[in-house]
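Let me begin by presenting the structure, written as structure tokens, before commenting on it.
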Amino acid sequence: MVVERAELAPAMKFSHWRRRWIQLVSSSSDAFLEVDGSGTVIEWNPRAEELFGWGRDEVVGRPVSETLLPSGVAASPFSPAIAGGGDGEGRPAPRPGAGGPQRFELVDRSGHTLCTEGELFASGFGSGRRVGGFIRHPVEQGPMAATPARADLHDALTGLPNRALFSSQLARCAAVGTAPGSVAVVLLDLDRFKAINNTMGHDAGDRLLVAVAERLRRVAGDAELIARFGGDEFLALFHSAGGDAEGMASAFIERARGSLAEPFDVVGGEVFLDESFGVALNTFGVDDPAELLSNAEAAMYQAKYRGGSIAETFGESMRIEVLDRMTTEHSLHRALERSELMLHYQPVVEIEGVATVGVEALVRWQHPDQGLVAPYRFIPVAEESGLIISIGAWVLEQACHQLADWHRGQEGPKGSIEVNLSARQIDDPLIVSTVEAILSRTGLSPEHLTLEITESALMRDASSALGVLRALKEVGVVLAIDDFGTGYSSLSYLQRFPLDILKVDRSFVEELGLNGESEKIVSAVISLAHALGLKVVAEGVETTQQLEVLRSFHCDFAQGFLFSAPLPAADIVASFGLPISA
Ligand code: C2E
Ligand code: MG
Ligand code: MG
């Protein structure tokens with residue numbers, strides 16, 4: 001450490017030195033703490049936070065005896081050094097005592113005794129006298145023996161503690177915090193991060209993660225530790241001997257939300273983030289660290305499952321829900337093998353002539369015990385488990401096969417068939433070849449197949465969806481954006497996606513004739529779609545009044561109970577093709 005003493009005024013000299021000194025100790029792989037002549041802590045580096053479990057703000061300004069000494073022990077290992085001498089320049093004096101490092105018995109925040117070793121340095125004179133200590137937990141001792149080196153304990157990108165360090169801290173808290181509710185784990189996952197990463201580039205994504213880490217660090221408050229779990233996931237650990245770790249966790253979530261709600265400046269503009277939180281507490285006899293982590297994960301997935309931007313706490317009802325989803329997943333596997341899935345078809349009607357022009361295929365599950373199960377009960381489970389890939393392929397094949405039969409002369413509709421694709425199917429690298437193979441097997445020409453993708457599935461990862469859509473367009477199929485108006489949409493993407501049809505979500509249609517606002521929205525969406533060269537289907541039309549409003553807006557097609565509910569193939573044959581008087 002070089003100090004240009006001659007060129008600096010004494011005050012500057014000191015602060016310059018002090019700043020460099022703080023920089024050095026902050027990045028030290030040993031815990032560093034410094035106490036003043038009265039035994040009050042004046043410096044505490046990040047490694048000390050990890051080793052002893054106390055945050056800097058919690059210890060600085062407090063007597064060292066309150067935090068690091070076993071109860072009943074008054075004499076601080078720092079006291080003898082305070083009585084010794086320094087060089088008066090604020091630089092550390094040689095360690096008192098000769099030979100190797102000294103050994104100290106200190107306690108961490110949870111009351112564990114740590115056999116540590118380190119070096120003490122005294123500096124300053126009189127009332128300005130200080131003692132600093134570099135302290136480590138030797139590898140050969142105690143339960144921390146397996147603690148990996150610092151580089152293995154921190155995330156290279158954000159500098160936060162990593163999963164390994166978090167796990168060891170959690171294990172330590174869980175071992176002492178046996179009272180229910182004394183330990184809380186919060187898992188935070190950024191919503192739509194993958195899409196941001198792909199759209200704005202990985203450098204921007206990395207910078208965003210660093211900025212998120214920094215904001216979380218600032219709002220950490222009484223968290224034992226804030227860590228990066230990996231990817232766009234962060235962890236916070238709370239420990240409260242009084243059993244209110246949940247309160248600490250929810251206060252942290254509030255602070256984190258407030259802080260992350262502010263826009264992030266990244267190259268290319270401002271980014272707004274949403275995040276989902278999962279919370280797990282050491283209740284219900286759960287104190288195993290691995291189980292706590294997996295419960296936090298389950299709770300976070302539950303938050304995502306419910307649409308994201310919320311916090312969920314793992315509890316009995318969630319345990320049942322997760323179990324229920326697992327059971328559904330298990331029997332869904334068998335549903336495919338046992339041919340329990342079936343398709344219903346709902347007509348799509350041209351508004352001008354009120355003539356049917358096609359059908360939408362909608363999957364149903366004929367469950368052996370539960371009867372006919374609607375898609376909202378099992379499609380999300382199929383999505384989550386990946387089963388949607390095989391279910392989706394089955395639906396596509398079945399639907400194309402059915403329409404090809406109708407086209408070949410079997411009594412029934414002759415127009416086109418609309419099949420829903422899920423987000424997971426869009427991500428499937430084999431989706432394009434699957435569609436091609438099914439068209440060729442069933443003999444259906446591609447212009448008779450419309451693939452519907454929901455707005456939210458498209459926007460989830462807009463740039464890769466764009467590539468898939470272009471490839472599907474090459475195959476010659478028709479592309480529709482489904483449930484328009486329910487998700488986060490970018491109009492520039494609407495223009496860039498090779499779409500042919502826009503389906504206005506039922507939630508807008510049901511308000512038509514009742515609510516002027518939704519009329520304004522629907523008429524604007526129809527005009528916009530037409531300006532972009534898209535045809536418009538209104539979903540969920542139930543009344544003639546709605547149909548009349550849509551007709552006045554020049555909406556092209558409609559679908560809904562006014563014309564027909566979705567029906568099995570055999571039933572739809574009878575009603576299909578009949579002009580419906582509305
Ligand atoms: P969707 O694609 O928007 O399909 C329209 C949904 O609205 C259908 O619900 C249909 O029965 C319902 N519906 C139609 N007209 C009316 C109406 O006038 N009033 C009301 N209240 N509802 C109406 P369903 O069949 O329960 O399907 C729900 C969603 O499940 C579908 O929404 C689609 O997103 C998904 N889905 C259905 N089948 C499949 C499939 O094979 N694959 C995938 N990935 N998703 C599917
Ligand atoms: Mg649909
Ligand atoms: Mg829809």
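Just the heavy atoms: all of them, side chains too, but no hydrogens, waters or symmetry mates, feed the values below. It should be emphasised that the depicted structure is a prediction, and the values quoted were computed from it without experimental measurement. Numbering of ligands and ligand atoms starts at 1, following listing order.
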**Request:** Check the pair Arg551 / Glu548 against salt bridge (Lys or Arg N to Asp or Glu O under 4.0 Å), numbers first and verdict last.
**Result:** CA-CA 5 Å; Arg551 186 175 274 142; Glu548 282 318 313; 2.7 Å; yes
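Only the side chain of Glu539 comes within contact range of ligand 1, with a heavy atom under 4.0 Å; no backbone atom does. In Asp482, the part holding a heavy atom less than 4.0 Å from any atom of ligand 1 is the side chain.
Figure legend: Arg215 and Phe264 shown as a cation-pi pair, the cationic atom lying under 6.0 angstrom from the six-membered ring centre and within 45 degrees of its axis.
Side-chain contact, Arg325 with Gln302: a donor N or O sits under 3.5 Å from an acceptor N or O. Asp556 and His530 share a donor-acceptor pair across their side chains, judged by distance under 3.5 Å alone. In this structure, a donor-acceptor pair under 3.5 Å is present between the side chains of Asp191 and Ser276.
Listed by number with element, the atoms of ligand 1 under 4.0 angstrom from any heavy atom of Glu542 are 17 (C), 18 (O), 19 (N), 20 (C), 21 (N). Atoms of ligand 1 lying under 4.0 Å from at least one heavy atom of Pro566, given by number and element, are 11 (O).
The protein heavy-atom contact nearest to atom 34 (O) of ligand 1 is Asn420 OD1, 4.3 Å. The shortest contact between atom 4 (O) of ligand 1 and any protein heavy atom is with Leu362 CD2, 3.6 Å. For atom 39 (C) of ligand 1, the closest heavy atom belonging to the protein is Val363 CG1, 3.6 Å. From the protein, the heavy atom lying nearest to atom 7 (O) of ligand 1 is Arg506 NE, 4.4 Å.
Of all non-hydrogen atoms in Arg424 and Glu383, the two that sit nearest each other are NH1-O, 2.6 Å. Scanning all heavy atoms of the two residues, the minimum distance from Ala480 to Leu499 falls at C-CD2, 4.1 Å. Contact record, Phe508 with Ser518: O-OG, 3.7 Å, taken as the closest heavy-atom pair. The heavy-atom pair separating Leu458 from Ile481 by the smallest distance is CD1-CD1, 3.7 Å.
Ring geometry for Phe238 versus Phe252: interplanar angle of 30 to 60°, hence tilted.
Which of Leu396, Val395, Val541 comes nearest to atom 41 (O) of ligand 1 through a heavy atom is settled by distance: it is Val395. With distances taken over non-hydrogen atoms, the option nearest atom 27 (O) of ligand 1 out of Ser422, Pro375, Ser564 is Pro375. Of the options Gln398, Arg364, Gln346, the smallest heavy-atom separation from atom 14 (C) of ligand 1 is shown by Gln346.
Among the atoms of Asp483, an N, O or S atom is found under 2.8 Å from the Mg ion (ligand 3). For residue Thr454, no N/O/S atom approaches the Mg ion (ligand 2) to within less than 2.8 Å. Contact annotation: Glu539 places an N, O or S atom under 2.8 Å from the Mg ion (ligand 3).
Remark: atom 32 (O) of ligand 1 lies closer than 4.0 Å to no protein heavy atom. Per-atom contact check: atom 19 (N) of ligand 1 touches the protein, criterion being a heavy-atom distance below 4.0 Å. For atom 12 (C) of ligand 1, the nearest protein heavy atom is 4.0 Å or more away.
For Glu360, the heavy-atom gap to ligand 1 drops under 4.0 angstrom. Remark: distances from the non-hydrogen atoms of Gln559 to ligand 1 are all 4.0 Å or more.
Of all N, O or S atoms in Asp482, the one lying closest to the Mg ion (ligand 3) is OD1.
Counting heavy atoms of neighbouring residues, nucleotides and ligands inside a 6.0 Å radius, atom NZ of Lys473 exceeds 12 of them.
Checked against Leu502 for a side chain to side chain contact (heavy atoms under 4.5 Å, CB included), the options Leu494, Val537, Ile526, Leu532 give a single hit: Leu494.
With the Mg ion (ligand 2) as the vertex, atom OE2 of Glu360 and atom OE1 of Glu452 span an angle of 90° (nearest 10 degrees).
Using a 4.0 Å cut-off between charged side-chain N and carboxylate O, Asp274 and Arg192 make no salt bridge.
For ligand 1, the polar-atom distance check finds an N/O of Phe561 within less than 3.5 Å of one of the ligand's N/O atoms.
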